[in-house]
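Labels below follow one simple rule: chain letters A, B, ... track the order of the sequence lines, proteins then strands, and each chain is numbered from 1.
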There are 4 protein chains.
Amino acid sequence: MGNTFGRLFRVTTFGESHGIGVGAVVDGCPPRIELSGKDIQPQLDRRRPGQSDLTTPRDEKDRVEILAGAENGKTLGTPIALLVRNADQRPEDYGEITTIPRPSHADFTYMQKYGIHASSGGGRSSARETIGRVAAGAIAEKFLREKFGVEIVAWVRAAGTVDAGNLTARPITRADVDKTPVRCPDPKTAEKMTALIKETRDRKDSVGGIVTCVCRNVPAGWGEPVFDKLEALLAHAMLSIPATKGFEIGSGFAGTAMTGSGHNDPFVLKHGKLGTVSNRSGGVQGGISNGEPIVFNVAFKPPATIGLPQKTCDQTGRETVLEAKGRHDPCVVPRAVPIVEAMAALVLADMALIQASRQ
Amino acid sequence: MGNTFGRLFRVTTFGESHGIGVGAVVDGCPPRIELSGKDIQPQLDRRRPGQSDLTTPRDEKDRVEILAGAENGKTLGTPIALLVRNADQRPEDYGEITTIPRPSHADFTYMQKYGIHASSGGGRSSARETIGRVAAGAIAEKFLREKFGVEIVAWVRAAGTVDAGNLTARPITRADVDKTPVRCPDPKTAEKMTALIKETRDRKDSVGGIVTCVCRNVPAGWGEPVFDKLEALLAHAMLSIPATKGFEIGSGFAGTAMTGSGHNDPFVLKHGKLGTVSNRSGGVQGGISNGEPIVFNVAFKPPATIGLPQKTCDQTGRETVLEAKGRHDPCVVPRAVPIVEAMAALVLADMALIQASRQ
Amino acid sequence: MGNTFGRLFRVTTFGESHGIGVGAVVDGCPPRIELSGKDIQPQLDRRRPGQSDLTTPRDEKDRVEILAGAENGKTLGTPIALLVRNADQRPEDYGEITTIPRPSHADFTYMQKYGIHASSGGGRSSARETIGRVAAGAIAEKFLREKFGVEIVAWVRAAGTVDAGNLTARPITRADVDKTPVRCPDPKTAEKMTALIKETRDRKDSVGGIVTCVCRNVPAGWGEPVFDKLEALLAHAMLSIPATKGFEIGSGFAGTAMTGSGHNDPFVLKHGKLGTVSNRSGGVQGGISNGEPIVFNVAFKPPATIGLPQKTCDQTGRETVLEAKGRHDPCVVPRAVPIVEAMAALVLADMALIQASRQ
Amino acid sequence: MGNTFGRLFRVTTFGESHGIGVGAVVDGCPPRIELSGKDIQPQLDRRRPGQSDLTTPRDEKDRVEILAGAENGKTLGTPIALLVRNADQRPEDYGEITTIPRPSHADFTYMQKYGIHASSGGGRSSARETIGRVAAGAIAEKFLREKFGVEIVAWVRAAGTVDAGNLTARPITRADVDKTPVRCPDPKTAEKMTALIKETRDRKDSVGGIVTCVCRNVPAGWGEPVFDKLEALLAHAMLSIPATKGFEIGSGFAGTAMTGSGHNDPFVLKHGKLGTVSNRSGGVQGGISNGEPIVFNVAFKPPATIGLPQKTCDQTGRETVLEAKGRHDPCVVPRAVPIVEAMAALVLADMALIQASRQ
C-alpha cells in the first residue's frame, strides 16, 4: 500500500535502490500530449547523483525508457510506464547496516513493519525511489505547461544555517536556479552554501536545508475541499519525499504571529480579474487556488547516513559504534529541487483534471 | 470531491454552516466497539463555539445524534452516521459578504470554483464543517485507545507572538490543557495568551497561533511508504483544517539548520525493545512510526474575518471598504485543539487497520 | 468498508432497517443543478414498500430530507446529504432469526464477518439499504438528463417462469413500465406475472425474476479500460444490489453460442455519425460506450425470507424448522426497477465526469 | 484512469500489444512470501498464444521479469513490478484497421474516447493486456494458497453450442482441466469442442463460450457490503476481461425461475461448523462468503476479429468490406481460463486483507 499518488492523474512507483531498476506507471495522463524521453530526461539529470562534487559520488546515468503509453511521440491516454535501470550498485557497502540500524533512518522501521528489508542500501527508502516521481512529474508538468501555461520553479532557500531569505518576489527561472550546483539563485548565498556543504562533507557529517517552490499561472479554482484542499495535497506530496520534516504555504509559521489586519491579502483588479495586493495566502484561499502564485517551503533534515562514528546500538540492543560506509549526500536540498517540482506538478495536474470534470 | 478522508477507516463529512446541519459518515470502523453519544460529545464540547469569552459568541449546543452503525451501545461494523443540527443561524449577518469577498477567505475561491456559494456565512468553508471531523475522530480515538492504548493530546503552543516553547518533554494531559480556556498547559504563558486574545478581540482584529500535538503509545510499524508515509498523511490531515498554513514533525524547520551528527536519534534499549535516546525524528523514521511519541506542530493563520475596516474591492473590482459583521473567533487555536486531535486519530486509526491487514 | 461507490461522482450510504433512518451522502455532484426533494421522491415512491399488494405490507412513506449540499433549489458542489427516517419498525418480528440464521440470507455471514448483527431484521443487509442508492441515483439521473439527455428505463422482463422476452426494440418509457404494479411493459405478460406472484405470496413462498435496463443517448467514449470498463462497473453496481445473482450485457450468455460473423455489429452512418446496424454489443465496445443504447439484464433470486417452514439448523448446529415472520416481498423485481435505474445512473454519471476531465 | 484494480491488494497494469512490453505493479502484497518467476510463469504459459493449434499462431514466450519488490526469493512488502517484453510484433498486419474500425471491436471506441489509437493491433484493448493480470493473479493466488489453503480452478464449460453442463459437483483440478488444449475437463465434450473450434477456425469465423470457476476453502466472512459485496467485485473483475458479456454466481440466471423454498440452501453442521446442504448461493450470502465454494460462470462472446469478409463502413462512413488479417483466436475461452483464475485471486486476496484488518 501507499505506492500510488493521485486521484485522476495517478502515479504508481516501484523499485529498490540496489535491485534491477526503479520506475513508475502514470495512469490518467490525457491523450495526444507530445511526449518522448527528451521531456523527462532533463529533470532526471537534475536529480541524478554525481552531478557535482556536492552530491553522492554514486554514478548513475538514469536513462529513462518509456515502456508503454506513448507511440510516435504522443501519449495514447493509456498508462505510461517508465523504467530506469540501476547501474552502479555496490551492495557490499551495506553489510554492517543490516545488523546495526542507522539512527534516524528507515532501516529499523522497515524491519518493524515488514519483518524483512532489502539486503542492500535503503531498498525502497532510498532516495533512488524518487526517480519514478521525477519522471512522472515531468509528464505532469508538460501537460500543465501546454494546457494552462503553468510554470513551476523550486530552489534552495537555505542549506544548514545559510539562509537566502524569501526570494519569491523575484522572477526566478530554472536557468537562474541551475547557475550553481547548489541551486540557490542568489549568487552570494550560493557561495556560502557551497562552502558549508563542502566543509560538512569533509567532516563526514551532513546538513539540512529548505527548498522554496513557486507555481505560476495556476488558474483560480483548483483544490478539492474539505479534505483535499490544495495545500493539504501539497503538504501530503512534500512530506512524502524522503528526509522532509516540514511544509508551510504562504506566510506559514511566521504568519502565526501576525494579526488578521496585517495578514489579509486585499483584493484588487488585475488585468480585468480579481487578484490580491499581497500574497501571504500563498495562492490559496479556503483550500482552492486564487490565481496568484502558489508559494511554499519544504524543510529537509540533515541526511541520516553519515561517516562520523555514532554511538548507538545494534538490533539486539547491544551498544556499538556505527561508521556508515556507502555513498551519501552531505546535503540533499540541491538534488531535492526537481523532486519538489515533480510532486507539485503531480498535485496540480490531478487538481486540473478534477476541476475540468465539472465543466 | 474531496469530502472523504482515509483508506480503511474512512470519514465522509457534509453540511453547510447555515443549513440544516453538519455531520459525518464513518465507514470501516471495526465492529463491537462500545460507542454512544457520550464518547463523542466531550470533544464536540471542546470544539463548540461559546465555550468562553475567547471564542465566537455563536451559541450552539452541538448535540450529536448517532443515526446508524451502532446499536445497544456497540458498533456493528457498518457505517456510523452522525448528525449535528444547526441551531443559531443568522444568515442576515452575511449580506455584504456575498458582494464583497472577504480578503484571504474562501468566499472568492468557492465562487471561482463552483460558480455558486452558500448564501450565508462560510457555507462549507466555515469552521462548522469541522464538527464532522471531531465526531468521527472521537470514534477513531476510542478504537485506538482501547485496542492499542494510544493517547493523543494537543495544546496551544503559541498565540500570536506569545510562544510557550517546546513543552513536549512534559507528560501533559487533556486535563492540564483544559485548565484554561486558551488551552495552553503552561499557566504563565496561558495568562499572557488570554490577555493578547482579549485585547485583539476588543480591537476587532484577529491573531494566529501554533498547536502542538503528541501521540503516545503508537506501535512501531504504522505508515505506508512511499506516498502515504505517516508524516505525509498527518500533514495532509492537518493542512485540510481551515486556516492552517504549516506543519512540521519532530525537529521540523529548526532541524534544517542542524548537522546529521547533532540531529540523529541514537538507538537504545528501552523495556526490552529498541527505542531512541532523543526524538528529533518526531516518532517517525522513513515514514513509519518507530514506537516513540509522534510529535508535530500545526500553524494557524489569524482568522480572515475581522471587524476592522479593510480596504479591498467587490466582485466587480470596484474599490470599497469591508467591515465584517457576523460572529467570529479572534483566535482559532483554542478551539482547534480537539480538531487537531481528531484528525490525528483518523490518520492513526487508518494506519492501524492497514498494518493489521498484513498480519 | 465498502459503503462508498464511484470515483468522481461518489455515493456513501448508511443505515440499518430498524434503526433511526437510512440515507446517503453524494460527493462530487456538479454545482448549479436544480435540485429539490421533488426530484428524488418519485423514484423513492417507486421503490417504497406498500405500493401494491404485490409487495411487503411494511408501510413506509420514505420522505427524503436534503440535509446539505443544496440551497434555494440548486446544488452547491458540496456533499449532498440525504436522510429518510424509518417509521414502521417492528423489531419484535425478528426474535427467532437471531438464533436461527435464515437460509440463503445474510444473517449468518454478517455474524461470521462482524461477530455482531443488528438485533432486528436485516440491519444493513435489508432492502431498506437501497433507499440511499435510489435517492443518490435520482440526483445522478437528473445530471445526466439535463447535461446529456440520457434516459434510463428499466422493467421487469421475467418473474419466475413467466418471461416477456427481449423487449428492448420497443421505445419503452417509465410510464409504460408503471402501467401495472408488476412493472412489465407487456400487458399480457404483466397479467401472468401478477397472477404468479399473488399465488406465490399466498403459498408463503417467493419467486425470482429478471430486470432489463436500457440507457439511451449515452455519448460514445464513456468507460475506463482496462479494469473500469463500462460493463465492469455496471456489473459491479448491479451485483451489489441485494438478491442479485447475474448480469449480462448485450447478447450476454446467449451470445456465447453464436459465431463472430453472426454476432458482430456492422457499422453504418447514422445522422452523420458512425452507429451500428444491430446492437448485440449492448452499447459497449472494448469497455467504452459506442453511442448505441446500453442494454443489460440483471438476475434476481427468489427472496430468502419465506413463510413456509424450512428444515435447517440454528447457530449451534441443532436441527430445527424455521417459519419466518416479518413482512417480506414475494418477488423483488417490481421494486428493483428503480434500484437498477439508480445504480445505472450512478455508474454513468461517474464515467461522464471522468471523460469530461480529459477535455 | 481505470488501470488499477483492488483496494489493499492492488494491481496496476500497463502495456500495448505491439509496443515494448506489458506488465504490472502489485502494491500491497504482504511481505515474506516466497516468490520467484517460477511461481508466475506457469499461469503465463497457460495464457500465452501459440500453445496449441486452437489458438492464435502469434508466438510469444512471455517470460516474466521481476523488476522489484522481491529479493532472494521473498517478497519485501514493497511494490512488485513485473515486465514481459513483446517479441513477435507484426504491425504491418494492421494497416487497414486504422481506417476501417473492426465491428464489435475497441478500435472505434478508443478513437472516440482518446482521439488517438495505438497504430498497430489492439494496443491496450488487445488480449495481451491480460498478461499483467495473470502475472499479478499468480502472486495473489500464492498468498491465498499458503495463508488460507484457497484453491482456484476454472475450466471451459461451453464453446459455442457445445455445453458440458454444470460440472461443479466434481473435484476438478487444474491437471484435469489441462488434459486437453480446449481446457474442458469432460473428455467427451472436450472432443466436440475441439472439433467445433477447428472447424470454425478453418471457416475464418469465431465462436464464444462459457468459463466456470470454483474457489474452494474460502473462509466465511470475505466481502465488503454494501457496494463491495464479494459477488459485485467478482462481477467487476470478470466483466473487465476482454470479450466478456456476462457473469452469474451460484444459480445465476436459471435461479430466477425458481421459488425461494426450492432455492434456499438449508444450514447443516459440517466438521463442527455451519455449512449448507446445497450451494445455489454460490458461496455467498448477503455479499459475504459463507465458507462454501465460490462458484460462478463467465460468458465470452465470439472474438470480433475474423477473417471472413464483413460488410461495414470506414471511419468516414463509406460502405466497405473488411477482411481482417492479423493473428487471432477463433475462440478465447481455453486461454481465458487462467485469466479468470487470476482475476478471482486478485479479488479474494484483496478481501482477505481487508477482513484481516478488523482482527
Glu34(D) CD: over 12 foreign heavy atoms closer than 6.0 Å: no
Glu65(A), CD: over 12 other non-hydrogen atoms inside 6.0 angstrom: yes
Check whether any side-chain N or O of Asp27(A) sits under 3.5 Å from a backbone N or O of Asn3(D) as a donor-acceptor pair, and report yes or no. yes
Measuring from Arg7(D):CZ to Met1(A):CE, what's the distance to the nearest 0.5 Å? 11.0 Å
Is any residue of residues 74-85 of chain D within less than 4.5 Å of chain A by heavy atoms, and which ones? Lys74(D), Thr75(D), Leu76(D), Gly77(D), Thr78(D), Pro79(D), Ala81(D), Leu83(D), Arg85(D)
In terms of heavy-atom contacts, Thr12(A) and Thr12(D) come closest through OG1-OG1, 3.9 Å
Pair count under 4.5 Å, heavy atoms only, with chain A: among Val25(D), Leu67(D), Ile66(D), Thr4(D), highest is Leu67(D)
Which one wins on heavy-atom pair count under 4.5 Å against chain D: Tyr114(A), Tyr110(A), Phe14(A), Phe9(A)? Tyr114(A)
Tell me if a side-chain donor or acceptor on Glu16(D) pairs with a main-chain N or O of Ala68(A) at a distance below 3.5 Å. no
